[in-house]
Each structure stands twice: as structure tokens, then as C-alpha cells.
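The structure appears below as C-alpha cells.
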Amino acid sequence: MNIIVTESYEASAAYVANMISELINRKPDCKLGLATGGTPVPIYKNLIEMNRAGKVDFSRVRTVNLDEYCGLTGDHDQSYRYFMDTNLFNHVNIDKANTFVASGIGDPAANAAQLDAKAAEGGYADLQLLGIGNNGHIAFNEAGDKLIAESHIEQLTESTIKANARFFEKESDVPTTAITMGMRSILAASCVVLVATGAAKTEAIRQLICDGAVTTHNPSTFLKLHQNSYVVIDRTLAEAAGYKG
Ligand code: PGA
């Protein structure tokens, strides 16, 4: 696991946007695994600016997203399809036919099977972007006694529902289940890049970068088993987590 400590979250976002644009420039038809949440927003802003400046071309890029809330249609303003359209896809020259966000509507088993098929189609992601939950979740693979390899429907934990309530009018509006890519497809990516900032992530990040344990109680720790994984954090978070470099 490569641990990158930057001076600020802004610098982390620029660092990861550069990783992504370098990949696209090296491999114009690359496949990106993309994430939602507050953390990736500045990364996507950087990519939009680079695209506008002619520094990166999305015309042949393919994308697959990690997850989607159950019960929200793609035009709901809290759905992850809507998030991706409004935070990235609508502002760059990507072909939306080359983007995939799982459906949170309809037959859950069929949707989960489709997500795994899309993750595998033409090869797994060249780069998988990840945030991390306060409880160490990656995508919506929640912390607990077991993890599931395949894509599946996950019951969201209290911690996740509370953390995501800030995006909704009230906590009771947050869906309690979501479709998520399973651990296998995430870890099958050629490169996995986890980005984090903020005091709420301190304990999850400490477990990820300051001890050797791999545990289902912090799903991000499985990145320790990946040959080409990166954790990108700012100095404030690194110091809070007790990282000594
Ligand atoms: P956040 O979410 O970026 O909004 O903190 C991260 C996550 O839950 O994976």
C-alpha cells in the first residue's frame, strides 16, 4: 500500500485528479471505477477544469460506479446517477453510453448481477477511486462480521445513515439499503486509490495505515492485500491518525 500525505485536502484532490488524467492520457479508452460522496467532488472539479483546458479527453473513457441507493430513480437529486451526471459527466466530453451506475430500482438480484457483469466487462477497472466511511466501509460494504465478495444489496448501518443524512432534508429520508459493488470487483482493479479527509475518518484511517490487521470490521483494510493500492490523505488527518511516515 502506498501512503501519500499531502499538505491539504485541495492538494490531495489535485494529486488524484492528476493520477486519473495521466492514466487517461496514457490509455484513452481506460476504464475508471468511480465513487460518490463529498470526498470526490473536488477531484471531479479538477478533472472538469483539465477537460475544459484540453488537457484530458474523456471521449473514449469508460466508467462504472460503486453503488446506488435502493429506491431512488436516476433522476432523484440524491441518486448516485444524478450525482455523477451533475458533478462530472455533464461537464466533460464523456459519452454517457460508456458510463454505468447500477439501478436502485427493480429486481435487486438482477441489478447486482448486472453490476458485477459491468465491473468485469472488457476487464476490471484500470483505476478504482474510493472514499471511506467513518466505520471503514468502502463502497457500501459495511463494517461487520463478514464481507460479501459479489455485488449485492447492503443494509446501511446507523453510522452511514447518520453520515449521509447531511445530503437529505432529514435523516428519515436516507434510504436504508443500497446496491453495492462487492469486495471482489473492487479489489480486481489494477490500481485502487482511496482518498480521505476530515476528523471523522481518523480511527478508520489509523486502522488502515498504522497497523497490519486486515479485518471485516474495517473493510478498507483489505487494501493492504492489494498489490497496487494508494491511500491519499492530508497531513492533518495523517497526524491525527498517528501516522509516522
Ligand atoms: P464521504 O463518503 O466522501 O461523503 O465522506 C465517503 C464514503 O462513505 O465512502
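Atoms within each ligand, like the ligands themselves, are counted from 1 in listed order. Computed over heavy atoms, backbone and side chain alike; hydrogens, waters and symmetry mates excluded.
- Ion pair Lys27/Asp126 flagged as a salt bridge, since at least one NZ, NE, NH1 or NH2 atom sits closer than 4.0 Å to an Asp/Glu carboxylate oxygen.
- Within 4.0 Å of ligand 1, contacts by protein heavy atoms are made from Gly37, Gly38, Thr39, Gly131, Ile132, Gly133, His137, Arg166, Lys201.
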Intermediate values then yes/no, salt bridge (Lys or Arg N to Asp or Glu O under 4.0 Å), Lys96 and Asp85: CA-CA 9 Å; Lys96 282 220 192 141; Asp85 285 348; 3.6 Å; yes
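- Note: Phe168 and Tyr69 meet the aromatic proximity criterion, with ring centroids under 6.0 Å apart.
- Side-chain atoms of Tyr44 and Leu34, non-hydrogen and from C-beta on, do get closer than 4.5 Å to each other.
- Applying the 6.0 Å contact sphere to NZ of Lys45 captures no more than 12 heavy atoms from other residues, nucleotides or ligands.
- Applying the ring-ring contact (aromatic ring centres under 6.0 Å, His included) test to residues at least two apart or on different chains, none of the pairs has a partner in residues 219-245.
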